[in-house]
Q: 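Sharing a structure below in structure tokens format, with a few things to ask.
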4 protein chains.
Amino acid sequence: MTIRGDTTRKRLIDATTALVREVGYANVRTRSIAVAAGVAEGTLYRHFADKRSLFYAAVLDRNAPIVAATETLPSLAGQGTVLGNLLEVIRNLAQLQQDLLPLEQAMIADPTLAPPLGERAQMPLEGPPNDIALYLAAEQNLGRVRAECDPTLAAISLLAMLFGLAVHPVLGNDLAESELLSASVSYFVDGVGVSPAQPKLTA
Amino acid sequence: MTIRGDTTRKRLIDATTALVREVGYANVRTRSIAVAAGVAEGTLYRHFADKRSLFYAAVLDRNAPIVAATETLPSLAGQGTVLGNLLEVIRNLAQLQQDLLPLEQAMIADPTLAPPLGERAQMPLEGPPNDIALYLAAEQNLGRVRAECDPTLAAISLLAMLFGLAVHPVLGNDLAESELLSASVSYFVDGVGVSPAQPKLTA
Amino acid sequence: MTIRGDTTRKRLIDATTALVREVGYANVRTRSIAVAAGVAEGTLYRHFADKRSLFYAAVLDRNAPIVAATETLPSLAGQGTVLGNLLEVIRNLAQLQQDLLPLEQAMIADPTLAPPLGERAQMPLEGPPNDIALYLAAEQNLGRVRAECDPTLAAISLLAMLFGLAVHPVLGNDLAESELLSASVSYFVDGVGVSPAQPKLTA
Amino acid sequence: MTIRGDTTRKRLIDATTALVREVGYANVRTRSIAVAAGVAEGTLYRHFADKRSLFYAAVLDRNAPIVAATETLPSLAGQGTVLGNLLEVIRNLAQLQQDLLPLEQAMIADPTLAPPLGERAQMPLEGPPNDIALYLAAEQNLGRVRAECDPTLAAISLLAMLFGLAVHPVLGNDLAESELLSASVSYFVDGVGVSPAQPKLTA
DNA sequence: AATGAATGAGGCTTCATTCAT
DNA sequence: TATGAATGAAGCCTCATTCAT
């Protein structure tokens, strides 16, 4: 592809992301995408096999920085506090998810959009759960995470909570900075209960 | 409505719910609904103004038992354990959500489906967050939930987690009975971290 | 189907036949068909799965009288003259082929239109070649057709000639009544050559 | 045209012929032609005004050898046998027609492809009917063809038969060598009938 | 109330052709 | 001359909805 071609491709992806966020995938028309991208409708099909493929390209495009953002998490084990480290990462993810979420939502709501096997590996959140699980395991070795905790299940729980919070429009759009998010992560790390039977001592 | 009419209405709703779960809202056709319900296409419009209304009726229909499922929770404060009480309720919700979730998903993914103002009050999960918050507050008064915990935020966190777990097809379909769910609730109550600065001893 | 439905179906088929003859299959638009039939475009798809199916239905519809036209031929063996009998049948076929030919042409020119296996048995000319072969065999038994003649090959030859004549716009549209047609059949029966080595005697 | 240009032109024509034979004219895309010819899509329009012109060029290209194939026929009058001479020519034509036929078919099936007036004169089979008619007339003078035979009509009949046989996929692809073809020509020359009223004895 | 044929707007996609490089 | 990205008109088909029966 030439520079011109790459530019067009990028504009199509950006237009798609923006439109999905605005009106939802089901209401995004190829016509609208073309108009928003400033190209002819037919041009879309020089760059993507069909509407669905463009949609995936958009998801993957947006996902890259998200995956990258959690890659460094495991190396932070032992530094700062567990809560601080997780909160930092989750905030990052929350921020980036703003773009990704509507796209991901559509995929969940419409089985037809199930990703082709070849691309599933790079789909959203493939990296983060793993990175978070690795981090929790590392902290577990250092005694800063409870021994009974299953790092994998815990990572899924945490991300599920983030997803749930992001989806439900309880608050405005500033989830990343919201008190709700930090409170949630705090509950995840420290729990809400007071369990006398479990004397949590020092690490 | 005659008896026959009520029956038809119910069959249309059930057919809708089933189809949404099977193929996703985006792929549910009024034709399919009519066929599944065993009526003619035109009949649908005798019972519902349009497809969207039928969809809402289905959501409300499925939401009722979910709302009921948490109603008794606040009265359980002080009995059993916090973890046990929450787990029981969450499992119930997970079970009941199987029908509702796909419908709710569609509503979130497609702005066009934003509920008409008149019906918004009865929309999903209006009851549960409140009931759970009431319960947590009651337990807080009893000293079984940490004082720093905000009952409302905590209730939202917990349900967000449930929602996230239910939506993402991480495991099989039996979330209600899964280890993942109980582990998640456990982390919510007890936390994953070992916080030296907070010697949880007193009640 | 109701009477109303059958009527619509017939009108669609007639419109298709007419349009194919006028502009060729490749240039027939579903829109044009609908307009010509006096129905909405969508109606077409209540009666036929797609454009191709409508096309087939039209072919089969037109083919029926053609097949019928040759069915009585074998029973004429021994009556009149061979030339007369064949000419009569061929003229009939030429007449009827006026509608069918453009449809058949399209099918030959476009491999995409190859008939589904289920319908192939009823495709054009399945009957005629057989009927003509039977007739020639019967005449052969009566000594009015040369013993060296292979009835099947001969039937194919004759129909091929008819097809070729019909396709090539050598003359106007009145092939059935043309001198060319009768001359051709005459050559087929009597030959153009004068072969001294083959003393054709009495029957 | 430079040498390169001529080569490209030839490759485009060959690619077109090959594609029409493989997938049918209706399914030949300018894109496919360009790919098959190993050039860019735009290049096609440097050598031909449009797709239709390329198509005609291909027809003419393939028609040349066919026209040539019958040129010597008239001079063979009186030599060998009438059947032998015609069979030889028809076999040649059958062989050569393999490329031309699909192209010609498309032209017949699609009125849109009616040749521009300027090129009509050189259209397919302009030579053969004439050559064959000349040959038959010459043989008629020699007494080897029946006096009642109209050479022009007979030539058309014979070629129509060839066309019909070639178009209909009755047998495999080797019509030129098939028994069907030789039998057909034989019927044309000697007839299938035994006509008592016409004692063919003299030359 | 029920039926199901008919409607028709509009979506996705194709593809011959153009044009800047 | 060649390239190939871009164009945009137009086709086939879908499907929620209407309406005569």
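All heavy atoms count here, side chains included; hydrogens, waters and symmetry mates do not. We name chains A, B, ... by the order of the sequence lines, and we start the count at 1 in each one.
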Q: Can you name the side chain to side chain donor-acceptor pair (under 3.5 Å) partners of B:Asn27, sequence neighbours left out?
A: A:Asp110, A:Thr112
Q: From A:Arg62 CZ over to A:Thr16 OG1, what is the distance, rounded to the nearest 0.5 angstrom?
A: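 Between atom CZ of A:Arg62 and atom OG1 of A:Thr16 there are 9.5 Å.
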Q: Contact between A:Leu12 and A:Arg9 at the side-chain level, heavy atoms closer than 4.5 Å - yes or no?
A: no
Q: Please give, in whole Å, the distance from F:dC15 P to B:Leu54 CG?
A: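 Those two atoms, CG and P, are 16 Å apart.
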Q: By a strict heavy-atom criterion of less than 4.0 Å, which residues belonging to residues 13-34 of chain A are in contact with DNA chain E?
A: A:Val28, A:Arg29, A:Thr30
Q: Whole Å only: how far is the CZ atom of D:Arg46 from the P atom of E:dT18?
A: 11 Å
Q: Using heavy atoms to find the nearest nucleotide of DNA chain F for A:Thr43 and C:Tyr45 separately, return the residue whose nucleotide is more 5′.
A: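 Its nearest nucleotide being more 5', the pick is A:Thr43.
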Q: Taking the side chain as C-beta and beyond, is there a heavy-atom pair between C:Thr30 and C:Phe48 under 4.5 Å?
A: no
Q: Take B:Leu44 and C:Gly42, find for each the nucleotide of DNA chain E with the closest heavy atom, and name the residue whose nucleotide sits nearer the 5' end.
A: B:Leu44
Q: To the nearest Å, how far apart are A:Arg9 CZ and F:dA5 P?
A: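 In whole Å, F:dA5 P and A:Arg9 CZ are 13 Å from each other.
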Q: Please give, in whole Å, the distance from E:dT14 P to A:His47 NE2?
A: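 Answer to the nearest Å: 15 Å.
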Q: How would you list, by chain and number, every residue that makes a side chain to side chain donor-acceptor pair (under 3.5 Å) with A:Arg11, sequence neighbours excluded?
A: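 In terms of side chain to side chain donor-acceptor pair (under 3.5 Å), with neighbours along the sequence ignored, A:Arg11 is linked to no residue.
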Q: Residues in side chain to side chain donor-acceptor pair (under 3.5 Å) with B:Asp61, at least two apart?
A: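 None.
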Q: Starting at CZ of D:Phe48 and ending at P of F:dT1, how long is that distance when rounded to a whole Å?
A: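 Interatomic distance, CZ of D:Phe48 to P of F:dT1: 13 Å.
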Q: How many whole angstroms separate atom CG of A:Leu12 from atom P of E:dT13?
A: 14 Å
Q: Give me each pair satisfying salt bridge (Lys or Arg N to Asp or Glu O under 4.0 Å) with a member in residues 26-43 of chain A, each pair once, sequence neighbours excluded.
A: A:Arg31-A:Glu41
Q: I need the minimum non-hydrogen distance between B:Leu113 and B:Met107, along with the two atoms involved.
A: O-CG, 3.6 Å
Q: Which comes earlier along DNA chain E counting from the 5' end, the contact point of A:Glu41 or that of B:Ala40, where each point is its nearest nucleotide?
A: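 Checking each residue's closest nucleotide, the 5'-ward one belongs to B:Ala40.
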Q: Taking for each residue the nucleotide of DNA chain F with the nearest heavy atom, is it D:Gly38 or C:Asp50 whose nucleotide lies nearer the 5' end?
A: D:Gly38
Q: Counting only side-chain N and O atoms of B:Thr8, is one of them less than 4.0 Å from OP1 or OP2 of E:dA1?
A: no
Q: Dot-bracket for DNA chain F, please. Rules: Watson-Crick or G-U, both distances under 3.5 Å, ( ) within the strand, [ ] when a pair crosses earlier ones, | for another strand, . otherwise.
A: .||||||||||||||||||||
Q: Under a plain distance cut-off of 3.5 Å, with no hydrogens placed, do B:Asp50 and B:Ser53 share a side-chain donor-acceptor pair?
A: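 Checked: B:Ser53/B:Asp50 side chains pair up, N/O donor to acceptor below 3.5 Å.
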